[in-house]
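Inspection log for the structure reproduced underneath, given as structure tokens.
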Number of protein chains: 2
Amino acid sequence: MATEQDAPLRSPHVRAKRQRRRTEILHAALRAFRQRGYHATTLDDIAEQLGVRKTALYHYFPDKEAILYACHRESLTELNRILTGARALDTAVERLSYVIREHVRVMTDTLEGSPLAFEVTALAPDRQKEIIAARDRYERALRRMIQGGVAAGELRPTNPKTAVFAILGAINWIARWYRPDGAMHADELGAEFAEHLVGGLTCQ
Amino acid sequence: MATEQDAPLRSPHVRAKRQRRRTEILHAALRAFRQRGYHATTLDDIAEQLGVRKTALYHYFPDKEAILYACHRESLTELNRILTGARALDTAVERLSYVIREHVRVMTDTLEGSPLAFEVTALAPDRQKEIIAARDRYERALRRMIQGGVAAGELRPTNPKTAVFAILGAINWIARWYRPDGAMHADELGAEFAEHLVGGLTCQ
DNA sequence: TCAAACTTTGAATCACTGTTCAAATTATCT
DNA sequence: AGATAATTTGAACAGTGATTCAAAGTTTGA
């Protein structure tokens with residue numbers, strides 16, 4: 001725990017270097033968690049990707065759970081970025097399609113991980129509450145998009161809750177089968193998902 | 001291991017009783033695996049649900065992995081049943097809707113578990129191969145349904161692979177949020193999912 | 001170049017959990 | 001009721017993997 005909030009480090013350069021390393025660890029963890037899940041991933045797995053012993057990780061994170069927590073945080077930041085981008089668009093269909101495309105992209109490119117797909121139950125109660133709350137905010141935002149679209153006559157009346165679960169389920173599941181070297185390219189995937197998942201909501 | 005293939009048990013009654021107990025264990029495991037995942041679930045967790053010590057489980061299964069394997073098997077049987085039912089229907093839309101409704105029902109009612117959602121990587125290589133092959137057969141069957149629908153002019157041209165991933169993702173994700181005591185009732189859920197997920201495929 | 005700060009390491013510890021096994025308990029069947 | 005089979009138990013074991021820590025190695029900055 002001491003490593004986290006230590007006295008100010010000497011120089012900005014050193015501080016930046018440390019930050020870079022933290023990010024490297026985070027991404028290695030992201031990748032591993034995505035593939036094998038949190039519990040099946042050992043600290044050795046993560047360390048090995050970085051060519052380092054697992055004890056080195058403790059210089060950057062107090063424990064394994066903290067790494068998972070950081071993964072969640074980083075992912076949720078990404079999702080909020082997406083929401084902000086979506087708000088600039090005009091129609092509900094555009095907004096929803098954008099969110100789906102971008103969320104898929106986050107799953108495949110940026111984070112090589114799955115924002116909402118990580119096991120939240122492995123977190124300590126406080127952190128769990130925080131992450132779940134943030135996740136709920138995201139889900140609520142999507143629901144409101146759908147409700148808005150229905151109100152505007154763009155979408156046919158649907159249960160927004162179910163619709164959002166279906167959309168997020170489809171997206172989160174990507175973590176289970178997507179492999180960067182596979183035949184399916186990320187961009188098309190997002191576009192097709194958007195078409196398919198929004199298509200089921202539009203008025204005939 | 002000896003417990004599995006033992007000499008014939010004395011009476012049909014005893015045999016049946018043993019089978020019932022096996023099923024009880026299986027369902028307790030299914031429930032636990034669904035909620036916490038395989039690795040986070042301990043044998044104590046499973047045993048506790050049955051009011052028994054974990055060592056009792058070894059009388060029915062040789063080890064933890066065997067329980068997971070049995071879960072997979074049982075689930076896949078259920079999916080095959082669904083496919084058979086679907087084949088009796090006339091149109092691709094009907095068949096797909098049926099599969100989605102029934103698969104959702106399996107997720108919520110029957111098995112209180114998630115056929116394809118269990119970690120397959122925890123299985124030994126042979127078993128893993130077997131389960132993956134069965135899962136692939138199911139996915140291929142769904143893809144063919146979609147392709148048939150496209151060929152018949154019922155569905156608009158789509159990448160069947162992506163579409164099936166989206167559908168199965170939405171369904172499998174149910175395991176992560178669905179709680180039997182929640183507000184959402186299973187039947188409606190299936191119907192809404194079918195409408196939403198098939199709606200995105202139909203011709204306008 | 002050298003001392004101080006930073007990073008990584010190897011060895012040791014600790015807790016957890018899957019597994020074994022012999023003994024105790026309970027159910028079955030005549 | 002009593003012999004036998006079936007089931008459950010508690011205690012012990014073993015392996016894994018997270019965590020601690022002091023020491024070694026490396027980088028930084030004057």
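The listed nucleotides are D:dT7, D:dG29, D:dT19; the one nearest the side chain of A:Tyr58 is D:dT19. Each of D:dG29, C:dC29, D:dA11 was ranked by its minimum atom distance to the side chain of B:Thr55; first place goes to D:dA11. Among the nucleotides C:dT19, D:dG29, C:dC29, the one closest to any side-chain atom of B:Leu43 is C:dT19. Nearest to the side-chain atoms of A:Ala56 among the listed nucleotides D:dA11, C:dT9, D:dA6 stands C:dT9. Among C:dT8, D:dT7, C:dT28, the nucleotide with an atom closest to any side-chain atom of A:Val52 is C:dT8.
Between A:Lys17 and B:Thr41, the residue whose closest nucleotide on DNA chain C is further toward the 5' end is A:Lys17. Along DNA chain C, the nucleotide closest to A:Leu57 and the one closest to B:Asp63 are compared, and the more 5′ of them pairs with A:Leu57.
Taking atom CZ of residue A:Phe61 and atom C1' of nucleotide D:dT20, one finds them 19 Å apart after rounding to whole Å. The separation between A:Arg20 atom CZ and D:dT27 atom P is 14 Å, rounded to whole Å. If you measure from atom CZ of A:Arg53 to atom P of D:dT19, you get 19 Å, rounded to the nearest angstrom. With rounding to whole Å, A:Ile25 atom CD1 is found 11 Å from C:dT7 atom C1'. We find that CG of B:Leu68 is positioned 15 Å from C1' of C:dG18, with the value rounded to whole Å. In this structure, the NZ atom of A:Lys64 is 16 Å from the C1' atom of C:dC14, given to the nearest Å. Look at CD on B:Glu65: it is 18 Å from P on D:dG15, rounded to the nearest Å. The CG-P distance, from A:Asp44 to D:dT16, rounds to 11 Å in whole Å.
Residues A:Ile46 and A:Lys54 are not in side-chain contact: their nearest non-hydrogen atoms beyond the backbone lie 4.5 Å or more apart.
Side-chain nitrogen and oxygen atoms of B:Arg18 include at least one within less than 4.0 Å of the OP1 or OP2 phosphate oxygen of D:dT7. In this model, the phosphate group of C:dT8 is not approached by any side-chain N or O of A:His59 to a distance below 4.0 Å at OP1 or OP2.
A distance-only check finds a donor-acceptor pair linking the side chain of A:Thr158 to the backbone of A:Arg156 [under 3.5 Å].
A:Arg127 and A:Glu130 are not joined by a salt bridge, as no carboxylate oxygen comes within less than 4.0 angstrom of a charged side-chain nitrogen.
Aromatic ring orientation, B:Phe118 versus B:His72: perpendicular (interplanar angle above 60°, classes split at 30° and 60°).
Base contact: A:Lys54 has a heavy atom under 4.0 Å from a base atom.
The number of heavy atoms from other shown groups lying within 6.0 Å of CZ (B:Arg143) is above 12.
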